[in-house]
2 protein chains.
Amino acid sequence: MLSKKTKYGLKALSYLASQPDRQPVQIAEIAKAENISQKFLESILLTLRKNGFLGSRKGKGGGYYLIKDPADIPMTSVMRVLEGPIAMVPCVSLNFYEKCADCPDESRCSVNKLMLQVRDSALEVYRNNSLADIL
Amino acid sequence: MLSKKTKYGLKALSYLASQPDRQPVQIAEIAKAENISQKFLESILLTLRKNGFLGSRKGKGGGYYLIKDPADIPMTSVMRVLEGPIAMVPCVSLNFYEKCADCPDESRCSVNKLMLQVRDSALEVYRNNSLADIL
DNA sequence: ATAAACCCTATTGTTTTAGTAGATTTATAA
DNA sequence: TTATAAATCTACTAAAACAATAGGGTTTAT
């Protein structure tokens, strides 16, 4: 299951991407438009900013805004920041690889074999979609 | 992330599928061979039996065994029983569809648009793999 | 009598999804 | 210059759900 964090993050990015200009948009406005708990959204936007997707301005007239062209924001990086690894098991993860404690031989593991294919197919989807593509 | 339940379930099914015959195999043997908590495995095998994948025999010489040919067990049904919906959001699920409370229009939702593709690509993998294929 | 699956319940730990309270920064008006 | 309001930022807490077992007794086949 997709976490609400990721869902809300994607919706917020989409909302910002569909703005006519790149003027700051307030958290409250996004929260209201997308039916998201404002405080929860606040922390999500913060991590999106810290990971280079958004810029922010404090004080009156402040808010969040995209700092890149939506076409230059691949879903791979968005998903990895919000949801974590794209792979369903660490032993097939490209960016978060970890050996299974219980599995003696990955090459003969049926779970590994299946999940490798699932990862590749998901990866292809995320690579073929930028933020601009899902608007 | 794949739950351990699913991971263990897949491993147990693979273990049973790679037996030379269809004689009952005890829980303890599977648990030991695959490094799985025996009590946890017990409940997993039970749900696999109740969902028509396994048969069981009580008493001495008892255990679990496959009741179908591994080639006739598609990963779609295994995953749905162990892990639940294949879709990452209910609004794109074939077997567990549910409307999002917050989303007024699915056809214009970016999350829906992306996750529909992810579901389809995962589904293709699961449909193309039977238990026999991942041994 | 024994060995196995079966069934029920409780517990522990982690993650998710927030809510609360306040601090800090900035723009604007007095 | 000062006050005020509008925002983000930070830290702490907490409730709820979920994951992953552990324990102990029951039933059934040999």
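Proteins come first, then strands; the chains are lettered A, B, ... in the order of their sequence lines, and each starts at number 1. Side-chain atoms are counted along with the backbone in the values below, which use heavy atoms only and exclude waters and symmetry mates.
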- line: From NZ of Lys5(A) across to P of dA16(D) the rounded distance in Å is 22 Å
- prompt: Any luck finding a side-chain donor-acceptor pair between Tyr65(B) and Gln19(B) under 3.5 Å?
  reply: no
- prompt: If you draw a 6.0 Å radius around CZ in Arg108(A), do more than 12 non-hydrogen atoms from other residues or ligands fall strictly inside?
  reply: no
message: Please confirm whether the shortest side-chain N or O distance from Lys50(B) to OP1 or OP2 of dC7(C) is below 4.0 Å.
response: yes
task: Using a 4.0 Å heavy-atom cut-off across all strands, classify Lys39(A) as base, sugar-phosphate, or nothing.
output: base
query: Around atom CD of Glu106(B), are there more than 12 heavy atoms of other residues, nucleotides or ligands at under 6.0 Å?
result: yes
- request: Nearest whole angstrom, please: distance from the C1' of dA29(D) to the CD of Gln26(B).
  value: 13 Å
- prompt: With respect to the phosphate group of dA3(C), does any side-chain polar atom (N or O) of Arg57(B) fall under 4.0 Å of OP1 or OP2?
  reply: no
message: Looking at Lys60(B), I'd like to know if its NZ atom is crowded, meaning that more than 12 non-hydrogen atoms belonging to other residues, nucleotides or ligands lie closer than 6.0 Å.
response: no
message: I need the CD1-C1' distance between Ile36(B) and dT21(D), as an integer number of Å.
response: 13 Å
task: Take atom CD of Glu29(A) and atom P of dA6(D), then tell me their distance rounded to the nearest Å.
output: 16 Å
query: Glu34(B) CD to dA20(D) C1': how many Å, rounded?
result: 18 Å
- prompt: Does the pair Lys39(B)/Glu42(B) count as a salt bridge with the N-to-O cut at 4.0 Å?
  reply: yes
- line: Separation of dC8(C) atom P from Glu42(B) atom CD, nearest Å, is 13 Å
- request: Give the nucleotide from the list dT17(C), dC9(D), dA5(C) with an atom nearest to the side chain of Ser56(B).
  value: dA5(C)
task: Looking at every strand, decide which applies to Lys7(B) at a 4.0 Å heavy-atom threshold: base, sugar-phosphate, or nothing.
output: nothing
field: Nucleotide dA5(C), atom C1' - distance to CG of Leu41(B) in whole Å
entry: 12 Å
message: Less than 3.5 Å apart, any donor N or O on the side chain of Glu83(B) or Ser3(B) sitting next to an acceptor on the other?
response: yes
message: Let's test your reading of the model: under 3.5 Å, does the base of dT24(C) pair with the side chain of Lys60(A) as donor and acceptor?
response: no
statement: Ranking Ser37(B) and Ala28(A) by the position along DNA chain D of their nearest nucleotide, the one closer to 5' is Ala28(A)
task: Using only side-chain N and O atoms of Tyr8(B), determine if any of them is under 4.0 Å from OP1 or OP2 of dT21(D).
output: yes
query: Between dC9(D), dT21(D), dA7(D), which one does the side chain of Tyr64(A) approach most closely?
result: dC9(D)
field: Which nucleotide in dT21(D), dT26(C), dG24(D) has an atom nearest any side-chain atom of Lys58(A)
entry: dT26(C)
statement: Taking for Gln38(A) and for Gly61(A) the nucleotide of DNA chain C with the nearest heavy atom, the one nearer the 5' end belongs to Gln38(A)
message: Over all strands shown, is Ile27(A) touching base, sugar-phosphate only, or nothing at heavy-atom distances under 4.0 angstrom?
response: sugar-phosphate
query: To the nearest angstrom, how far is Met1(A) atom CE from dA17(D) atom C1'?
result: 14 Å
field: Which nucleotide in dT17(C), dC9(D), dG24(D) has an atom nearest any side-chain atom of Leu46(A)
entry: dC9(D)
